[in-house]
Each structure stands twice: as C-alpha cells, then as structure tokens.
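In what follows, chains carry the letters A, B, and so on, assigned in the order in which the sequence lines appear, proteins first and then strands, with residues in each chain numbered from 1.
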Amino acid sequence: MPIAAALAYLPMILVAATAVAVMLGIAWRREHAVTVAVTVLGLGLALIAQAFAWRVIPVHTPLLDLDGLALLAGILILASTLACAILSHAYLESFHGAREEFYILLLCAATGGLVLAASSHLASLFIGLELLSMPLYGMLAYAFHEQRSLEAGIKYLILSAVASAFLLFGMALLYAQTGDLRLDVLMGSLSQDTGAWGLAGIGLMLVGLGFKLSVVPFHLWTPDVYEGGPGPATTFLATASKVAVFMLLLRLMLSMPVLQGEWLRGVLTGLALASMLVGNLLALTQSNLKRILGYSSVAHFGYLLIVLVVADGLAAETGGVYLITYVLSTLAAFGVVILISSTAGGEDAAGLHYYRGLFWRRPYLTAVLTVAMLSLAGIPATVGFIGKFYLIALGVEAQRWWLVGGIIVGSAIGLYYYLRVTITLFLAQPGMRRRDASDDWGTRAGGLFVLALAGW
Amino acid sequence: MILVWLIVIPFLGGLLCWQMERLGDRPTRSIALVTMLIELLISLWLWARLDFQLPALDGTATQWALEYQVAWIQRFGISFHLALDGLSLVLIALTAFLGVLAVLCSWNEIVRRIGFFHLNLLWILAGVTGVFLAIDLFLFFFFWELMLVPMYFLIALWGHSGSKGQTRIGAATKFFIYTQASGLLMLVSILGLVFAHHASTGEYSFSYQVLLETTLSPTLSRWLMLGFFIAFAVKLPVVPLHGWLPDAHAQAPTAGSVDLAGILLKTAAYGMMRFALPLFPEASQAFAPIAMGLGLLGIYYGAVLACGQQNVKRFIAYTSIAHMGFVLIGIYSGSALALQGVVVLMLAHAFSAAGLFILSGQLYERCIPGSLEKWAVCGIGWAACPGSGCFLSPPRWAYRSQPTLSVSSWCCSAPFPRHPGWW
C-alpha cells in the first residue's frame, strides 16, 4: 500500500485498533476509568492522524475516496465521538450493570461512520452504513432494563433494517442497469442513459439514506428513539451518524453530474420543505427536551437539504459550516441533558419540568443550554447564526426562493419551542421536584467539556 | 474608537451588574446608573464637540462626523464599520437618556434577580446603540437581532401577567417571533442586494457606501425594498403587522416599556431613513403612496382602538401606533422638511411615551394592581390631537401633539441648536 494511502487510512485504523484494544482490556479487567482513558486516547490520536491526512489528500482507492469533504466529515465524526465518550463517562458512572462495552460499540460505530463518509463503492457504502447502524442498536438499548430504552433500540433496529432493504434493492437495481458497483463508473454510465431501473435505484437509495437522516416522511422513528435511548447514544445518533450520511450524500451530489437533474432537485426540494415545516410544527407541543431536539434535528436536516438541491458554488462550504455549527450546538444541548440525568439511575431527565428554574441552581449549565438553544434557533452571536447565514446566502444566490421562504417560516415556528425551553430554565417555582447534576459536575471532564463547547 | 466604547460600556456595565448582585441591591443599581450616565455624558460631549454641518457637495468630504472601521469577515467583505452623524447622535443621546430613566424607574419596581435584570436592560441599550452606529449591513443586522434576546427576557421574566389568560411569556414570545421572522426577511434582502452587487462587480461587500452604488433592475429593487420595509414595518409598527405591540407593552415591566416605546420603535424609523430609502430610492418612491396609506390607516386605527382600552399601558401602546403612523407618512412624503419633522416627532414621542409609561408604572406601584383597570384614561387626550391633517408641515404637527402631552411637555421645546445634517 502506498504511503499516502496508508496515512489517509490511519485514522480508521487507529479507531478500529482502539476498539480491539478496549475489548481485550475488558476481557482482562473491568475498569471504567481506564476504558474511557483508552477510548479518549485512541480517538485523540485518530484526530491528530486526521490532521496529517490533510497533507496527502485527495487519495483515491478502489473502495474509499478520501477528499476534503470526507476528511471534514471524519473530523466531525471523531470529535463528536470523543465528546460522546467523555459524556458517557459522567453518564455511566451511576449505571447499574456493565459499563465498559458501551465504548466498544461507540468506537465501532465511529469506524463505520468514517468508512461511510468516504466511500466510493457500493460495497464500502453498505459496509460503512451497517457498521455505523449495528452498534447503534446496542447503544440505544444499552439501558435494557428501562422499557423505553429497549423500545428505542428495537424500533431503530426494525426500521433501520427496512431502510437497509430499500438501500440494497436500490443498489441491486443500479447494478442491473449499469453492471458496475463503483460509484463513479456507475454514475458515468447512468449519465448516458438513466433508464427506468436507474431512476428507481436512485430513488430507493434516497429512501434508505433519507431514513438515516430522518427527513420527512422517513422521520417517524426519530422522537421515540431520541427520547428512549440513553443520552450518549442519542447524542451519537444525532451528531456523528447523521454527519456521516449527509457528507456521503453531499459528496455524491457534488461529484456526480447525473444527480443534478431537475427531477431529483424537485424531489429534494419537496423533502426539504416538508422536513422544515413538519419537524418544526411537531416540535411545538412537545414537553420532553429530547423529543424537541429530535424534531429539531428533522428540521435542521430539512434546512441542510438545500445544500444538496443547489450543489453548486458555495454549497460545499455551506454544508461544512452548517454541519459544524449543528454538531456544536447539538453536543452542547445533549451535554447538559446528560449531565443533569447523570446522577440518578432510571430514565433520562428530559422532561421540561426538570429544567424549570435551573438558572437559579446551576447558572453556568443553564448558560450553556441557553446558548445551545439560541444557537439551534440561529440567533446572532451564536454559531448557529453563521450556519443559517450561509444557508440563506446559498438559497438567495441560487434563487431558490421557495426554500428561502421555507427557512424563514421554519425558523419562525422553531423559535417558539426554542424560546419555551429557554424561558423554562429561568422560571423559578418553589417546591418543584428537584433533579440535578451532581455538585461537582464542573470539576468533571464532561462538565468542562460542555463549558468549552459553549465558549465557541 | 470612542464609537466602540459607546457600545462596549453598557455591555460591560451589564456584566458587572450581573456579578455585583452578590454585593447587594444598591451597588448593582448604582453601577447600572453610572454606566448609563457615562454613556449620556459621552454622547453629549460628542454633540458639543463635533461638527454636524452638511458636507460640501464637492464629493471629497465624507458624510460622517466620526468613523471607525476594522476588517471582520473578509471572506464576504464584512467589516466592523461604525459611523456617527447627526441623526445617529441624536438617537444615541436619546437612548442613553432613556436608559438612565429606565434604571431609575425600576429602582423600586424590580426587586427580584436585580443583577440579571440590569444585565438584560443594559444589553438592550448596547444593542440599540449598535443599531444606530452600524453602517455595515451585516453588522446592522447583527445588532438588530441582538437586542431581541434581552428584551425577550425582560418581558418574560419581569413582566406583569395580564388579565384574560394573556401571559407575559406569550407576549414576549409573540414579540420575538414577529421581529425575528421579519428580521430574516431583511437578511434575505440584504443578501439579495449583496449578491446583485457581486454579480455586477465581482466582489462581495456589505458596506453601506458601496451598496448605495448598486444598480438594480426595477423588479428586484422592488422585492428587496419590500424585505427591508416589512422588517422595519413590524418594528415600527405599521398596522397590519402591529399585533405584538399592545401585548408586549401591557405585559412588560416599566423599564421594558420605556425602552420599547422610547427606543426600539425608533430603530425602525431610523432603519427606514438610513437604509430603506437611500438604498432603493426609485422603488421607495413608487411604494410611497401605499406606505403613506398604511400610515394613515395606522393613525385612525390606533386612535380608534385607544378609545376602547381599559388598560393604561395598552392605551399608550395604541396611541404609539397612531404616532408611528405619522412618522411613516413623514418618512415617505419625500420632502426634507418632513424628514426633519420626523426626527422631532420621534424625539417628542420617545420622551412623552417614556414619561407616560413611568407615570403609569408609578401609579401601578401605588395602587392595588386591580384598580389599574378602572384608572381613568380620558385625562390624556394625546391620541386624538394630531389628527388635524397638517401632513406636510411636520414640525407643526410635532408641535401640535406636544401640548397634549401633559406629562412631559418640556421635552420637545428643548432648543435644537443645529438641525442634524444627515442627508
């Protein structure tokens, strides 16, 4: 293997090796803190290796195509996995049962995400997607003595399997049409003659990937799974997993001219508008913070689909910037939820009533959550605004007025529930049931991490 | 540099208040008061020192009395560009003065979470000062949106929950959604303008001066102008878009109402005069009859609805709508005299509305809250008076509305040594 390719593969190799190391370590001796330390170390090294990989890109191998976008996706995935690992430490401390296996699952899923985001072959695409999804079933059902966690895991398993079936069927049709599995060759021969099978194949693959992104109408699993899954697992699902799938789609759209036909743009525009509106509207009446974040992610990926519709000019930059801002805000929001939930066992403290008057007990955690909410709403002076600014700029430049209108209406509706969460934090009401982060949350790694996120 | 200080001082003062809360009430309030007094002194000092004559028309002089610029986001040609001229200075001095009043009038009214209250109050004032100073369109939008969040908290946390199921949080949310959504429309317009400029010259710029030169097709110009107009019309407010105002006023604490009526409404008029008219002169001229019609509608609508109000603050809110109708007509009438009158009327309205809100707040403190409903509203007939139709001699209608403002009639007769030279 040439040295450049080896260097570009190094992050994946490191993450996979860490997974193996953690597994062997657990077989030898169970020690939560050590497991976390090894995981964090491995992910940190992989991040550093990713920085070295910047020098050798683009690297093209038969299965993977490591270009700038794939590397950016890699950095985002690794960083959010790192965040999940650190937060899991706080979360699992009070967990009754085996804690260490969670990190193996986390590392495997991260490897899958890295492969998926860089894939240039239908085989690597499918392997990456499954490697990303399979550990997630386990992670979501990790607190299996909680009914909701189990429900979330099984729901995700079944629906994900259906989506995979759609995806495989689509791949089979594409193969039938073109006789090739390499994406660039395949799309090249499609551009001469798309054919009915080719169209159907692309459509079916879109369904499969749209399920993972939870765009409307494939979003039905989102709120339940978000609500039921343990905090760190949901965080991973909301950040790393979605980033990987979206980056794959973005890379495909930018590099394959055949995907930029008007019909596909029309379909994507419809999906985008539906996601923005439905996601925001359904979030309005929720009273569970994790469900709200779930619907909010539906809406955010609706906004992000604009990047795929335009796929031109500023699009790559916009996609990257928006994903970064989305990941930062989502991590900060979930980080606070995890820290609040971490003291007692049982379900996560995600009901809004737990957060009532939080400001007067935990001013700094509240500040973080406030900033995260305002950032998701796209208010200036937060990172979220930069992302929204880019998206609107992109829409205006490409003169997609419907989508720009969708963003405006969606944001206006979204404000309602983001503000509702925010104001709840500041309302004092004596005699409320208290559930709180442990007193030394700030000295723990997770707490420091959440504060650092807000500093962005 | 002093322009930056004008924004930074209230901002820092707010942070200081927040942290000083642990020392007790009095230091917190004093810090807020001192901050606003410093701000006021700086603006008065600038007023005395600087030259606000109209620039010579030889094309060499800049129109600004004071300017500050550093590059910010070079990728899009955005710079941190502040500038001061007569119009901004008058409004900043007004902001500082009303800031002092707002701190004073909440001295006894606000007793809970004082530090956080003053943080929000001072940050609103910092944001508004930024709006009056920014002449980079991105920066302007940034400050425009920035002042919403503290205002939201002010209404939602310290407001009065009104009758008939109207909660302060509902009012605050309504305020926020109205202004934020229309703000996004303005952002779309700004970006449309920037990209039109990019298409013709090949470079990105958000600078006011540069964008003034942009050539636009009439259709595009009309749509972009509408984006700006709607954003400002919501904030002004112009009648079909006024829904948030009575609720926000009725539920806000006194200091919030003072800021809202005194300053926040003025940012909209300022925006129209500074941005909407000069950036799209032809489109605005074509739109003028509609805008003036809306203004006229607002005058009657506000006045008629004010008659039926049982709540003093709602009553003042509706009369504000009527007064802003006059401002709108003045802005779109296209005569220099009318624009001068608009400035005078804005100042007069700010002082008198602030005075009225403070009075009603004081009365509210002294009476049992329920009796507010029965408070006689007929004494102050300030809504009906300006309806006498002297539309084209604005200084006169500013004058006419003034004696009716029994509360603070002193304000408007303050001598105006120089006309602000801002066109």
For B:Val149, is it the side chain, the backbone, both or neither that has a heavy atom under 4.5 Å from a heavy atom of chain A?
side chain

Interchain contact, B:Phe116 with chain A, by part (heavy-atom threshold 4.5 Å)
side chain

Please say whether more than 12 non-hydrogen atoms of neighbouring residues, nucleotides or ligands are located less than 6.0 Å from CH2 in B:Trp5.
no

How about B:Phe141 and A:Phe389: are their ring centres within less than 6.0 Å of each other?
no

For the residue pair A:Phe359 and B:Trp18, categorise the inter-ring angle as parallel (less than 30°), tilted (30 to 60°) or perpendicular (more than 60°).
parallel

Measuring only between side-chain heavy atoms, which start at C-beta, is B:Tyr152 closer than 4.5 Å to A:Ile379?
no

What is the distance from atom NE2 of B:His198 to atom CD of A:Glu397, rounded to the nearest 0.5 Å?
6.5 Å

Would the number of heavy atoms belonging to other residues, nucleotides or ligands and lying under 6.0 Å from CH2 of A:Trp402 be above 12?
no

Quick check: A:Tyr418 with B:Phe176 (ring centres under 6.0 Å apart)?
no

Could you tell me which of A:Gly405, A:Ala412, A:Gly378, A:Ala393 has the largest number of non-hydrogen atom pairs under 4.5 Å with chain B?
A:Ala393

Looking at B:Arg75, I want to see if its CZ is surrounded by more than 12 non-hydrogen atoms of other residues, nucleotides or ligands under 6.0 Å.
yes

Which atoms of A:Leu314 come close to chain B, meaning under 4.5 Å heavy atom to heavy atom: side chain ones, backbone ones, both, or neither?
side chain

Contacting region of B:Leu148 [heavy-atom separation from chain A under 4.5 Å]:
neither

For A:Leu374, is it the side chain, the backbone, both, or neither that has a heavy atom closer than 4.5 Å to a heavy atom of chain B?
side chain

Work out which heavy atom in B:Leu187 is nearest to a heavy atom in A:Ile392; give both atom names and the distance.
CD2-CD1, 3.8 Å

Any chance you could measure B:Arg168, atom CZ, to A:Ile423, atom CD1, to the nearest 0.5 Å?
8.0 Å

Take atom CD in A:Glu262; do more than 12 heavy atoms of anything else shown fall under 6.0 Å from it?
yes

Please look at A:Tyr390 and chain B and tell me whether the side chain, the backbone, both or neither of the residue comes under 4.5 angstrom of a heavy atom of that chain.
side chain

Rounded distance (nearest 0.5 Å) linking atom NZ of A:Lys388 with atom CG of B:Leu184
6.5 Å

How many angstroms lie between atom CD1 of B:Ile177 and atom CG of A:Leu419, to the nearest 0.5 angstrom?
6.5 Å

Measure the CG-OG1 distance between B:Leu146 and A:Thr382 for me, rounded to the nearest 0.5 Å.
10.0 Å

Part of B:Trp223 within contact of chain A (heavy atom distance under 4.5 Å)
neither

Roughly how far apart are A:Leu415 CG and B:Thr173 OG1, rounded to 0.5 Å?
9.5 Å

Give a yes or no on this: more than 12 heavy atoms of other residues, nucleotides or ligands lie within 6.0 Å of atom OH of A:Tyr416.
no

